[in-house]
Amino acid sequence: MAKSPEEEHPQKAFGWAARDTSGILSPFRFSRRENADDDVTIKVLYCGVCHSDVHSVKNEWGFTNYPIVPGHEIVGVVTKAGKNVEKFKVGDRVGVGVIVGSCMKCETCDQDLENYCPRTIFTYNSLDHDRTKTYGGYSDMIVVHHRYVLRFPDNLALDAGAPLLCAGITVYSPMKYYGMTEPGKHLGVAGLGGLGHVAVKIGKAFGLKVTVISSSPGKEDEAVKRLGADSFLLSSDPAKLKAAMGTMDYIIDTVSAVHSLAPLIGLLKLNGKLVTVGLPDKPLELPIFPLVLGRKLVGGSDIGGMKETQEMLDFCAKHNITSDIELIRMDYINTAMERIAKCDVRYRFVIDVGNSLTQ
């Protein structure tokens, strides 16, 4: 007979979970494994609320295993470190992102690309090596193998830095891999949300000319005056789109809703690159003629490996890049998720777990 979540492991834990497709979260008692020789135990202080958390709690992608404790933008302090752990000690500021495990022996793991390992273990809604369910950061503590724990720079705010563990690496990794970092080149950022606003900041730190591409005219001042973009392109204005055709070297597409790729491809110069990181729930149509005639590239990217994620955190600390956040209490989470579904957040909710998660 299967054990209850509270009895699976020796360490008692407490968080908030969704139990069905309503996506409504409520207090939840469960358990974590004992800290092993290669593990780090972390007291969770803050956890960002990612749009994928909203999809997951409502089973919108079709593979949620209830009950589910979301949260993969976790920041906290080390309370215990196993005897084989050399990088971390008790009291260190650390982060845990989207993954907490992989096979550690395949070609992708050997290349520090654990996020592409066929046996990747996600921080929540996944099965660990012992076949027990993983639970995320909407909780008081977590136990993680040290390979998947990140050092959080001292000058990076814990609360506003938490979303970088997903949003930051999601845009940083493709910009590095696809060579979208050459100073003076023109980067378009499609969509100004949790991912897009961080992409603007990272693009500017690389020395790029950055244009925000959005269908919302009300976001122009936000993009240019607050976030530092060089210009704003209203994608719902055909005349402005036409005038901007062939002017961009790169575009990073952060839009998670179903949308047309053709206008974005048209904005690219010869040899231009369009990289999509949003996850629409239906396939997008890809026109081939403009790719062929302009020798253009369309690619994708999924977060980053542990080495690159640490590099991203250090880069953001050096350039004073954090997410723009709204700090919330744990008991506000259901309202926050409703607001995320309506795009009513600038630009990321972060749960003050340490001060608001009470049993």
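Along the sequence shown, residues carry numbers from 1. Values in this document were obtained by computation on a predicted structure and should not be read as measured data.
Within 6.0 Å of the OH atom in Tyr177, the count of heavy atoms belonging to other residues, nucleotides or ligands does not exceed 12. Around NZ of Lys240, the count of heavy atoms belonging to other residues, nucleotides or ligands within 6.0 Å does not exceed 12. For Lys269, the NZ atom sits in a packed shell: over 12 heavy atoms of surrounding residues, nucleotides or ligands are nearer than 6.0 Å. For NZ of Lys43, the number of neighbouring non-hydrogen atoms (other residues, nucleotides, ligands) closer than 6.0 Å is 12 at most. Residue-environment remark: NZ (Lys307) stays at or below the threshold of 12 foreign heavy atoms within 6.0 Å. More than 12 heavy atoms of other residues, nucleotides or ligands lie within 6.0 Å of CG in Asp20, so this atom counts as buried by the packing criterion. Annotation: Lys133, atom NZ; neighbour count of heavy atoms from other residues, nucleotides and ligands within 6.0 Å is above 12.
At a cut-off of 3.5 Å, with distance as the only test, no side-chain donor of Thr108 or Gln111 sits close to an acceptor on the other residue. Between the side chains of Tyr66 and Asn59, no donor-acceptor pair is found at a separation under 3.5 Å. Side-chain contact check for Ser31 and Glu6: no donor-acceptor pair (N or O, by modelled atom type) lies under 3.5 Å. Judged by distance alone, the side chains of Glu338 and Asn334 never bring a donor and an acceptor atom under 3.5 Å apart. When only modelled atom types and interatomic distance are considered, Asp253 and His259 share a side-chain donor-acceptor pair under 3.5 Å. Under the 3.5 Å distance criterion, with hydrogens and angles disregarded, no donor-acceptor pair is assigned to the side chains of Thr134 and Asp128. Checking Tyr148 against Ser102 by side-chain atom types alone, a donor-acceptor pair falls below 3.5 Å. Ser4 and Arg29 share no donor-acceptor pair across their side chains, judged by distance under 3.5 Å alone. Side-chain contact annotation: Asn84 with Asp38, donor-acceptor N/O pair under 3.5 Å present.
Remark: Lys225 does not engage Glu220 in a salt bridge, criterion side-chain N to carboxylate O under 4.0 Å.
Closest approach of Trp16 to Asp331, counting heavy atoms only: CH2-CA, 3.7 Å. Closest of all the heavy-atom pairs between Pro217 and Leu234 is N-CD1, 3.5 Å. Contact record, Leu164 with Cys316: CD1-CB, 3.8 Å, taken as the closest heavy-atom pair. Across Ala162 and Phe152, no two heavy atoms sit closer than the pair N-CZ, 4.0 Å. Residues Thr120 and Ser126 share a closest heavy-atom pair of O-OG, 4.3 Å. Counting all heavy atoms, side chain and backbone alike, Lys87 lies closest to Val149 at NZ-O, 4.1 Å.
Results of the side-chain contact (heavy atoms from CB on, under 4.5 Å) test with Ser235 over Val212, Ile213, Val255, Leu264 single out Ile213 as the only residue that passes.
Using cut-offs of 30° and 60° on the angle between ring planes, the pair Phe315 and His319 is tilted.
To the nearest 0.5 Å, the span separating CG on Leu297 from CD1 on Ile265 amounts to 10.5 Å. Here Ile321 contributes atom CD1 and Met312 contributes atom CE; the two are 10.0 Å apart, rounded to the nearest 0.5 Å.
Between Ser139 and Tyr124 the shortest side-chain heavy-atom distance does not fall below 4.5 Å. Looking at Leu165 and Val98, their side chains never come closer than 4.5 Å, going by heavy atoms from C-beta outward. Side chains of Phe122 and His72 form no contact here, defined as non-hydrogen atoms less than 4.5 Å apart.
Aromatic rings of Phe28 and Tyr135 (six-membered ring for Trp) have centroids within the 6.0 Å cut-off, being under it.
Note on residues 345-359: pairs passing salt bridge (Lys or Arg N to Asp or Glu O under 4.0 Å), not counting sequence neighbours, are Glu73-Arg348.
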Inset, instruction - Take Glu8 and Arg131, measure what salt bridge (Lys or Arg N to Asp or Glu O under 4.0 Å) needs, and give me the verdict at the end. - result: CA-CA 11 Å; Glu8 278 183 327; Arg131 309 306 292 171; over 6 Å; no
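By the criterion of side-chain heavy atoms lying less than 4.5 angstrom apart, applied directly or through intervening Ile, Leu, Val, Met, Phe, Trp or Tyr residues, Ile303 is not grouped with Tyr116; the two fall into different hydrophobic clusters.
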